[in-house]
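Because the structure is a prediction, the values reported are computed rather than measured.
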Amino acid sequence: MKKHHKRVLKRGKFNKGLLLFGVANLLWFIFRTGTKPSRITYPCQQAALVNISTILNASILLSLVAFLAKVEKFVSKRGKALVLIFVVATIMINFHQIGGNLQPAQAPNPNQELRLVLEPRNATMLPASDIYAVNGRTPTPITELLNLMGSQGLHFYRSNSTDLIQGPDGLIAHDDVVLIKINEQWSQRGGTNTDLLKEIIQAIVDHPNGFDGEIIVADNGQGYGGMDHWLYNNAENQSQSTQDVVDMFSPFYNVSTFDWQTIRGTQVQEYSEGDTNDGYVLNGTADPETGIYVSYPKFRTENGTYISFKYGVWNGTGYERRLKVINMPVLKSHRIYGVTASLKNYMGVQSEALGNGHNTVATGGMGTLLVETGVPTLNIVDAIWINANPWPSGMTGPFSNYDWATRTNIVMASTDPVALDFFAAKHVLIQTSELIGYNDTHTLDPDNTVRSGLREAFGVWLNLTKDEIFRGGYNATTDEDHMNVYVYEAPDIMPPIISILSPENRTYAVNTSIPLTFEFDENTSWIGYSLNGQPTTTITGNTTLPQMSDGRHWVVVYANDTSGNMGHSDPVHFTVDTTPPNITNIIQYPQPNSVFPQDEVKVNATVTDELSKVKHVKLNYTSQNGTWILADMDNYFGNDLWNATIPSFPYSTNITYMIIAEDNANNTITTLQMGHEHQYQVIPELPLFLILPLFMATTLLAAIVYRRRRLALSKRIN
């Protein structure tokens, strides 16, 4: 009984602690949210909600189990069964929430490269929305995309001349102000690819009529991220930030960034109302269909241009309709709304600090925002690396670490953001998700209407958004019969990227069994390596390098991919050092036959190692008692001379010593191994029977010398 009582007490204390932790999370959540309900959508708030839900549910279940244990003697079998059914039902009701939050990622390896299958299609019903997709690794995906668009009659450049990518009906004129709306909120693979950004800016400034307009790269990260805040960016060169890209063009063209986060809390009026301040214009009336309070930025660029996101360029007396918006999101899963692409990217247009945009995504609020501020001139979806981990995976977006993303090498575009998001989710996200190992992808499905742990099912809010855009007079569809899909399959002209894992740029103390290991970013049909510039040796995989002489070496790995493109690794330089240091010029002072009891003995030696250099030198010495003492030798002035001191010892002590040297490859040698034995004896104490005669002789000699000096002195006086 006592043991049972102690267990009950322990369970009670644990349950109380769990409950207190849950309450603490709840209080923090309430304090952090404050008077801004929109903050509930922040990732930290969502994490707190997960903790609160999971902990409180667990606490309730533990309480039920404890209650059942206490009343088991007083409840009938039927009553116990009912209580058990209630507990099981509670677990089932809460399973999705708890299990979803604790569920590990199902994907065995999302961080890989895939070549997806994208099928072209022709619309069978009108009106039709056109979708353009470039599939496959290419150094110029934007160029290929613009060519594909032009081949189907959508010209990128507005010009009086007509060819593949230009015409009088083109999208971008030479003097337009182009605003590129990116995603700056998340680092790593969560933000817009800066390589794509660089290429689209280059395409704009390469206007066939010359570009004398302006480009602004903008976003509102709602308190997260920034144009130059991330150390880890979404690009081949992960250090390349948005600001870095813009800085490449700004010395030559009117290209700049504007971080709307800096003005998101400032409410202003339009320029036409006499307000020239930067800030957000807020509609004080909620939309009757979606409930959103529409807000949008107005600001002055670095080049002095006044821009209203809704009305265009303010010239001091009126608005010029030459503001062109290119909406450039990255395709990802989303833990609240299932999928984020063109539509969800418009969360960075409105201000969460002043409005309620995020909550109204579920009701189609992004559609209202697009209609009231103007549908983008072009939507370009970045699907080079995508997060295809669906909720409730622990790796679900919108933030996306490098190792959560899958490389699919796809770029898509359309003037219809709804059709583009539908196609991207159904044929890119879902296909990728299934290929990396997920069985349940319904939260990514644009046809799905089951909420299932999300705030709203993707299929539900996508169609509500479509309805808003359609009511606003723009073409938008979620019906594939109303979609034309044009696909450019990029030929594989990119060589494989090869990384050597071993050997490393260091010194090896062996000349055999050095492994040659490496990895590729794609499948290969042939592999070889060259050691020290010698002819290439064909191999089938990781191998071992042959025996090498001491010295410096280098190796390069070559490979052909399945399309015949040959790539090579960077050379890896390494050193083989199996030779220990060399010890010479050993000098002892005082000399071995001149050491007195009061003498400390200095031992000097020259120690050299040409390859890996000397790591340390030690002096090991012992007296006749057999105890060896190890002392560090000091290196004087950084040269090859090493020194140590043996302390004084009593008369007649026999001292043996050796020098031990080790290089940076851990090769060790001793002077004893080199055949040198070093010993000395402290001068012996003279025996007593010799001391008295020596004293007497010395005294006699002194007396004789004294007498002779006295006689010599007497003669001089006389």
> Indicate yes or no for a side-chain donor-acceptor contact from Asn233 to the backbone of Ala235 under 3.5 Å, with no hydrogens or angles considered.
no

> Measure from NZ or CZ of Arg407 to the centre of the six-membered ring of Trp385, then state whether that distance is under 6.0 Å and the direction lies within 45° of the axis.
yes

> Can you list the steps and then say if Lys298 with Tyr280 is a side-chain contact (heavy atoms from CB on, under 4.5 Å)?
CA-CA 6 Å; Lys298 59 177 279 283; Tyr280 266 81; over 6 Å; no

> If we only count heavy atoms from C-beta on, is the Leu435 to Thr406 side-chain gap below 4.5 Å?
no

> Could you tell me which residues satisfy salt bridge (Lys or Arg N to Asp or Glu O under 4.0 Å) with Lys426, sequence neighbours excluded, listed by chain and number?
Asp447, Glu480

> Does the Asp287 side chain pair with the main chain of Val294, one donor and one acceptor, at a distance under 3.5 Å?
no

> With sequence neighbours left out, what residues match Tyr232 under side chain to side chain contact (heavy atoms under 4.5 Å, CB included)?
Gln188, Tyr402

> Looking at Ile200, Ile384, Leu331, which one forms a side chain to side chain contact (heavy atoms under 4.5 Å, CB included) with Val411?
Ile384

> For the side chain of Thr194 and the backbone of Gln240, is there at least one donor-acceptor N/O pair under 3.5 Å apart?
yes

> Please answer whether the main-chain N or O of Asn484 pairs with a side-chain N or O of Asp130 as donor and acceptor at a distance below 3.5 Å.
no

> Report the residues that fulfil salt bridge (Lys or Arg N to Asp or Glu O under 4.0 Å) with Glu519, sequence neighbours left out, ordered by chain and then residue number.
none

> Identify the heavy atoms of Leu378 and Ala413 that sit nearest to each other, and give their distance.
CD1-CB, 4.3 Å

> Please tell me whether Ser393 and Tyr438 have a donor and an acceptor in their side chains that are separated by less than 3.5 angstrom.
yes

> Can you tell me if Asn523 has over 12 outside heavy atoms packed within less than 6.0 Å of its CG?
no

> Are any non-hydrogen side-chain atoms of Glu372 and Glu468 less than 4.5 angstrom apart?
no

> Could I get the full list of ring-ring contact (aromatic ring centres under 6.0 Å, His included) partners for Tyr486, not counting sequence neighbours?
Tyr132

> Mind listing the closest non-hydrogen atom pair of Pro390 and Thr443 along with its distance?
CB-OG1, 3.5 Å

> For Phe458, what residues pass the ring-ring contact (aromatic ring centres under 6.0 Å, His included) criterion, not counting sequence neighbours?
Trp461

> Name the orientation class of the two ring planes belonging to Trp404 and Phe399 (parallel below 30°, tilted from 30 to 60°, perpendicular beyond 60°).
tilted

> Specify the closest pair of heavy atoms between Asn356 and Ile292, including all atoms of both residues, with the distance to one decimal.
OD1-CA, 3.6 Å

> Among Thr368, Thr363, Asp467, which one satisfies side chain to side chain donor-acceptor pair (under 3.5 Å) with Thr290?
Thr368

> Looking only at atom types and distance, does a side-chain atom of Gln261 sit under 3.5 Å from a main-chain N or O of Tyr224, one as donor and one as acceptor?
yes

> Leu116 vs Ile410, test: side-chain contact (heavy atoms from CB on, under 4.5 Å). Steps then yes/no.
CA-CA 9 Å; Leu116 302 186; Ile410 293 173; 3.7 Å; yes

> Taking the side chain as everything from C-beta on, heavy atoms only, tell me whether Tyr346 gets closer than 4.5 Å to Asn327.
yes

> Hey, is the main chain of Met227 close enough, under 3.5 Å, to the side chain of Gln243 for a donor-acceptor pair?
no

> Is the count of non-hydrogen atoms from other residues, nucleotides or ligands lying under 6.0 Å from Tyr296 atom OH greater than 12?
yes

> Which heavy atom of Pro446 sits nearest to which heavy atom of Ala425, and what is that distance?
CD-CB, 4.1 Å

> Side chains of Leu197 and Ile182: closer than 4.5 Å at any heavy-atom pair?
yes

> Does a side chain donor of either Asp382 or Asn193 reach within less than 3.5 Å of an acceptor in the other side chain?
no

> May I ask you to decide if Val450's main-chain N or O and Asn448's side chain share a donor-acceptor pair within less than 3.5 Å?
yes

> Step by step, work out the ring pair (Phe, Tyr, Trp, His ring centres under 6.0 Å) result for Phe309 and Trp260.
CA-CA 11 Å; Phe309 191 84; Trp260 292 333; 5.8 Å; yes

> Stepwise, does the side-chain contact (heavy atoms from CB on, under 4.5 Å) test hold for Met347 with Glu352?
CA-CA 8 Å; Met347 267 297 301; Glu352 279 292 276; 3.7 Å; yes

> Does any non-hydrogen side-chain atom of Met149 lie less than 4.5 Å from one of Glu144?
no

> Please indicate whether Phe470 has more than 12 foreign heavy atoms, meaning atoms of other residues, nucleotides or ligands, lying under 6.0 Å from its CZ.
no

> Can you tell me if Thr432 uses its side chain to pair, donor with acceptor, with the backbone of Ala388 under 3.5 Å?
no

> How would you list, by chain and number, every residue that makes a side chain to side chain contact (heavy atoms under 4.5 Å, CB included) with Arg451, sequence neighbours excluded?
Glu456

> Going by the rule salt bridge (Lys or Arg N to Asp or Glu O under 4.0 Å), which residues pair with Glu489 if we only count those two or more places apart in sequence or in a different chain?
Arg115

> Is it true that a side-chain atom of Asn463 and a backbone atom of Gly459 form a donor plus acceptor pair closer than 3.5 Å?
yes

> Please name all residues satisfying salt bridge (Lys or Arg N to Asp or Glu O under 4.0 Å) with Arg137, sequence neighbours left out, ordered by chain then number.
Glu113, Asp521

> Can you sort out the partners of Thr340 under side chain to side chain contact (heavy atoms under 4.5 Å, CB included), two or more places apart, ordered by chain and number?
Lys332, His334, Lys344

> By side-chain hydrogen bond (donor to acceptor under 3.5 Å, both in side chains), which residues pair with Asn237, not counting sequence neighbours?
Ser239

> For residues 216-228, which residue pairs pass the salt bridge (charged side-chain N to carboxylate O under 4.0 Å, His left out) check, not counting sequence neighbours?
Lys181-Asp219

> In this structure, which one of Thr477, Thr415, Asn475 forms a side chain to side chain donor-acceptor pair (under 3.5 Å) with Ser129?
Asn475

> Okay, side chain of Asn234, backbone of Gly191: is any donor-acceptor separation there less than 3.5 Å?
yes

> Under the side-chain contact (heavy atoms from CB on, under 4.5 Å) criterion, do Leu343 and Asn345 qualify, and how do the steps go?
CA-CA 5 Å; Leu343 298 171; Asn345 195 49; over 6 Å; no

> Looking at every heavy atom in both Leu179 and Ala218, which two are closest together, and how far apart are they?
CD2-CB, 4.3 Å

> Taking all non-hydrogen atoms of both residues, which atom of Thr441 and which atom of Ser433 are closest, and how far apart?
CG2-OG, 3.3 Å

> Do Leu171 and Lys324 make a side-chain contact, defined as non-hydrogen atoms from C-beta onward lying under 4.5 Å apart?
no

> Can you sort out the partners of Ser333 under side chain to side chain contact (heavy atoms under 4.5 Å, CB included), two or more places apart, ordered by chain and number?
Asn387, Thr396, Leu444

> How many angstroms lie between CG in Asn379 and CG in Asp421, if you round to the nearest 0.5 Å?
7.5 Å

> So Val178 and Ile326, do their side chains get closer than 4.5 Å, heavy atoms only?
yes

